[in-house]
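Inspection log for the structure reproduced underneath, given as structure tokens.
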Amino acid sequence: MHRKTLADIALGLEKKEFSSVEITTSFFERIKQLDPDINSFITVTDEQALIKAKLADKQRANNTASPLAGVPIAHKDIFCTEGVKTTCGSKMLDNFLSPYNATVIEKCEAAGLVMLGKTNMDEFAMGSSNETSFYGPVHNPHNLNCVPGGSSGGSAAAVAAGFAPAATGTDTGGSIRQPAAFCGITGLKPTYGRISRWGMIAFASSLDQAGPMTQNAEDAALLMNVMAGFDPKDSTSSDKPTEDYTAKLNVSLKGKKIGLPRQFFSQGLDPAIEQSVRDALTVYEKLGATLVDIELPNADLATPAYYVIAPAECSSNLSRFDGVRFGHRCENPANLADLYSRSRGEGFGDEVKRRILVGTYVLSAGFYDAYYLQAQKARRLIKNDYLNAFEQVDFIAGPTAPSTAFSLNNEIEDPVAMYLNDIYTIAVNLAGLPALSIPCGIASKLPVGLQLIGNYFSEADLLNAGHQFQQNTDWHTQLLAQSVR
Amino acid sequence: MNWETVIGLEVHVQLATKSKIFSGSSTTFGAEANTQASLIDLGMPGTLPVFNEEALRMAVKFGLASHSSINHRSAFDRKNYFYPDLPKGYQTTQLHEAIVNHGYVDIPLENNEYKRINVLRAHLEEDAGKSLHEDFQGHSGIDLNRAGTPLIEIVSEPELSNAKEAVAYLRIIHTLIRYLGISDGNMAEGSMRCDANVSVRPVGQKELGTRTEIKNINSFRFVERAINTEVERQIDLIESGGRVIQATRLYDSIKNETRPMRSKEEANDYRYFPCPDLLPIEIDDAYIEAVRDSLPELPDQKATRFQKDYQLSAYDAEVLVVSRELADYFERCVQTSKADAKLCANWVTGTLLGALNKGATDIEQSPVSAEKLGGLIARIADSTISGKIAKTVFDALWDGANSADEVIEKEGLRQVTDSSAIQGLVNEVVDQNPEQVESYRAADEKKRKKMFGFFVGQIMKASKGKANPQQVNQLLLEKLEK
């Protein structure tokens with residue numbers, strides 16, 4: 001039961017092979033039994049889920065159900081859910097009951113999806129290992145001593161462990177793709193603006209983007225059909241019409257050009273990962289695509305530019321957590337300054353504080369030009385590199401991360417080493433492009449991810465490229481099968 | 001030593017949009033605390049701003065009316081600081097790219113000349129909430145109804161030379177925003193607020209002196225007093241060997257003094273950066289021209305028209321256009337009375353404004369409508385009553401009478417124009433005062449003039465003020481010169 005995809009479950013519900021209540025209950029049983037070792041959920045919403053599942057079953061019986069009605073899903077705890085605790089992985093919001101739903105949640109609810117719960121994450125999405133969560137680290141279902149990646153580590157682990165058929169995630173610098181790669185699942189970071197940010201607690205507003213985390217590309221397409229679209233409540237959301245993301249799933253890749261940036265296959269890349277990625281690329285050659293070597297000359301600028309822009313935005317975005325209106329408030333503040341400093345000092349963890357400090361510094365009078373403005377210039381150069389590349393190729397491919405999942409407690413002490421986990425993913429956010437991570441091999445018994453980057457709003461093509469690979473290989477099923485039983 | 005003062009004003013104007021600049025909450029003043037604050041105004045996690053286009057239109061209106069250039073592209077920045085009435089921990093404003101730049105207004109000086117004051121910029125921003133420090137037993141209350149109300153901040157060049165000019169500038173801005181209908185300009189309710197940057201320097205010195213910024217000046221009168229107080233303080237300080245420290249100072253209208261709020265050293269570093277939640281505002285010429293077409297007649301244009309169409313003096317025209325309501329009142333008065341516009345202007349700027357001032361009320365609340373005053377002026381114009389009697393009729397209208405005609409009939413105030421009746425009165429008075437007639441006839445030109453007034457007074461008294469003064473004069477002269 002727990003290895004059924006979204007498409008399988010939708011079909012089974014339609015054929016009345018099982019009810020939504022049955023399948024929802026089975027996921028809860030599995031979560032109850034196995035999640036204590038994984039820690040992928042912060043909140044499990046079984047009561048609401050069963051009400052929703054019953055409703056879906058009724059609609060199925062009346063044949064008034066929408067295609068995904070009654071299908072379970074898990075949501076990253078960064079999306080505001082009305083009346084349900086929304087923590088963002090932080091002590092700061094440990095007591096926060098959102099008064100409203102994020103647009104992503106509204107859309108999933110409207111599609112009839114059944115929320116199983118809220119998944120663990122790095123605090124305020126700041127981290128690449130899920131170890132900065134106030135709710136403790138998430139364990140990788142492939143090896144409990146390893147991290148699941150981050151920041152959407154709970155969502156990735158929940159899907160990989162079979163606690164949910166699919167989950168939502170968010171990606172600011174790789175937070176969907178890197179955990180998807182570490183946990184052997186499929187993750188799509190759409191074009192910036194394709195999915196509304198309303199109700200998604202902001203980390204770095206110009207980089208944050210929600211997306212699906214699924215067992216395969218087809219499921220990701222099904223979820224894109226639910227999640228994508230213009231939202232008048234988000235001024236940065238795109239009013240470009242959406243498309244049926246499943247429509248292109250069987251288009252031939254013959255004649256497609258895949259660019260391999262020299263910069264993605266250079267120093268620091270684990271040779272075993274490189275081998276898996278190169279092997280996967282031969283599959284694409286067999287499918288009729290051509291591999292082209294390309295250059296992204298400013299790739300080196302991505303990490304430094306990102307670690308100026310993202311902290312700058314976060315230092316401002318997180319100012320609202322001041323202990324005045326919601327969230328953690330210190331005991332018996334002596335005065336206003338004390339209220340601020342103790343509420344924030346107690347409510348935020350180390351990584352969040354580090355980024356607020358960095359962001360505050362780079363925006364300070366006298367430093368703004370040297371850091372923030374320079375970083376914005378670098379961001380334009382990076383974007384131009386990609387635009388140039390897409391004049392020659394249809395996709396850009398490479399590893400999602402330079403290593404497989406690393407051991408818990410290994411890198412958390414060295415923030416810079418941690419930041420380098422995102423070297424292949426960060427530029428995509430800076431450029432606002434869509435990118436997909438799909439499982440493409442195994443190294444040291446851990447999943448390896450292949451990243452495919454597309455041009456703006458080419459999600460349907462990317463999903464097709466992922467789907468074609470998955471039609472011709474079985475890494476995605478094989479990896480899930482070797483995950484926790 | 002002789003000192004000269006340099007003043008620049010920052011005027012915050014609340015725009016009269018129905019909803020807030022980035023949320024759908026109402027902006028109505030005076031609602032119960034925190035009832036007009038949405039998720040966005042509360043700074044709830046995950047919420048995002050959506051720009052209210054009406055605020056843009058209003059800002060562009062101001063830009064056009066102040067002869068400014070309207071920028072085709074402007075953008076919002078975040079000004080970061082912590083304060084309990086600032087829910088997001090930053091104010092969304094425009095630092096790097098304002099919507100309006102480089103305009104001017106002409107302000108009237110006391111010597112009847114004009115001075116051009118340049119407007120450096122006007123930018124859009126959101127207002128903060130209010131901290132309430134009373135009634136909470138040692139705690140502070142926060143009311144976020146005002147949070148997110150749209151403002152334009154209008155920044156003048158430091159070109160005002162004294163407090164009177166500052167007030168004149170502020171009045172011009174006030175008149176403009178009210179004409180444009182973009183704000184009610186109510187200073188008492190905080191719809192228009194003013195900060196003044198003030199410095200002094202020895203006459204002839206080129207460099208500006210160190211300035212202080214005076215905050216919290218919430219009436220025209222206090223602007224003048226606050227600036228004068230601060231100028232005096234700075235001059236006294238320098239003359240006694242001290243130096244002015246760049247600082248923000250608060251004006252205390254009760255003690256009539258300015259006090260330091262914070263010095264430059266402890267000033268916030270606002271860490272401005274472009275707001276990533278909002279797209280830049282991009283407008284084209286067609287947009288600007290459409291707004292220009294929607295502009296009402298502005299005070300300058302109206303004053304010119306009044307001089308041309310009604311043959312008013314420049315002075316009368318300016319007094320009348322000081323507010324759109326007064327100018328409209330005047331024009332309605334002219335229409336109703338069908339009389340000489342100059343006569344209407346005299347009545348509106350003289351008797352009516354005098355009465356409004358005395359009654360501390362404004363033109364919109366005038367107990368005498370333009371139609372009633374027009375009706376009264378019509379009766380002066382057609383000689384039904386004299387100007388003097390008209391004052392009595394006006395008082396009756398002020399006290400609630402329905403119309404001038406009704407008062408005239410009821411009180412029997414119709415002017416006597418019957419020549420034989422007036423002749424009778426003239427004869428009577430002349431006959432009753434033979435000695436005065438004797439000495440009148442014996443007197444020289446100058447003295448005669450004076451004595452003539454005595455007879456007129458007696459005749460008017462006998463007619464209870466109703467005799468037509470011109471006829472009295474004529475008939476009396478004939479009689480005496482006989």
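Below, chain A is the first sequence line, B the second, and so on; all start at residue 1.
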Completion exercise
If one checks every heavy atom of A/A312 against chain B at 4.5 Å, the contacting part turns out to be backbone
Completion exercise
Under 4.5 Å to a heavy atom of chain B? For A/S98 that would be neither
Handout entry: B/Y83, part contacting chain A, at a heavy-atom distance under 4.5 Å
Key = both
Handout entry: Residue selection (most heavy-atom pairs with chain B, distance under 4.5 Å) from A/A202, A/S364, A/C80
Key = A/S364
Handout entry: Partner chain B: residue of A/L93, A/N317, A/L207 with the largest heavy-atom pair count (under 4.5 Å)
Key = A/N317
Problem - Which of A/D234, A/V362, A/L339, A/V324 touches chain B most, by non-hydrogen pairs under 4.5 Å - result: A/D234
Practice task
Pick one of side chain, backbone, both or neither for A/A102, based on which atoms fall under 4.5 Å of a heavy atom in chain B.
Solution key: neither
Fill in the blank from the handout: Given B/P49, B/P84, B/G89, the one with more heavy-atom pairs under 4.5 angstrom with chain A than any other is B/P84
Handout entry: Enclosure of B/R121 CZ (heavy-atom neighbours >12, cutoff 6.0 Å)
Key = yes
Completion exercise
Under 4.5 Å to a heavy atom of chain A? For B/N80 that would be side chain
Problem - Atom of A/F321, atom of B/P45 and distance for their closest heavy-atom approach - result: CE2-CG, 3.7 Å
Exercise for the section: Evaluate the ring planes of B/F273 and A/Y372, with Trp represented by its six-membered ring, and classify them as parallel (under 30°), tilted (30 to 60°) or perpendicular (over 60°). Expected result: perpendicular
Fill in the blank from the handout: Looking only at heavy atoms, the pair that brings A/S235 and B/L278 closest together is OG-CD2, 4.1 Å
Fill in the blank from the handout: Taking every heavy atom of A/Y100 against every heavy atom of B/M44, the minimum-distance pair comes out as CE2-CB, 4.5 Å
Exercise for the section: Please say whether more than 12 non-hydrogen atoms of neighbouring residues, nucleotides or ligands are located less than 6.0 Å from NZ in A/K353. Expected result: yes
Fill in the blank from the handout: Under 4.5 Å to a heavy atom of chain B? For A/F367 that would be neither
Problem - Donor-acceptor pair, side chain of A/R325 and main chain of B/L42, under 3.5 angstrom - result: yes
Problem - Minimum-distance pair of heavy atoms, taken over all atoms of B/T47 and A/W198 - result: CA-CZ3, 3.6 Å
Practice task
Let me know if A/L336 has heavy atoms under 4.5 Å from chain B in its side chain, its backbone, both or neither.
Solution key: side chain
Exercise for the section: Would you give the length of the straight line joining atom CG of B/D277 to atom OG of A/S206, rounded to the nearest 0.5 angstrom? Expected result: 9.5 Å
Fill in the blank from the handout: Between B/R78 and A/E313 the two heavy atoms that sit nearest each other are NH1-O, 4.3 Å
Practice task
Would you give the length of the straight line joining atom OG1 of A/T360 to atom CG of B/D269, rounded to the nearest 0.5 angstrom?
Solution key: 9.5 Å
Exercise for the section: Inspect the surroundings of CZ in B/R73 and state if more than 12 heavy atoms from other residues, nucleotides or ligands are less than 6.0 Å away. Expected result: yes
Problem - side-chain hydrogen bond (donor to acceptor under 3.5 Å, both in side chains) evaluation trace for A/Y368 with B/R271 - result: CA-CA 8 Å; A/Y368 178 84; B/R271 294 172 284 120; over 6 Å; no
Fill in the blank from the handout: Greatest number of non-hydrogen atom pairs under 4.5 angstrom with chain B, of A/M200, A/R197, A/Q376, falls to A/R197
Practice task
Compare every heavy atom of B/Y90 with every heavy atom of A/S316, then report the nearest pair and how far apart it is.
Solution key: OG-CD2, 3.3 Å
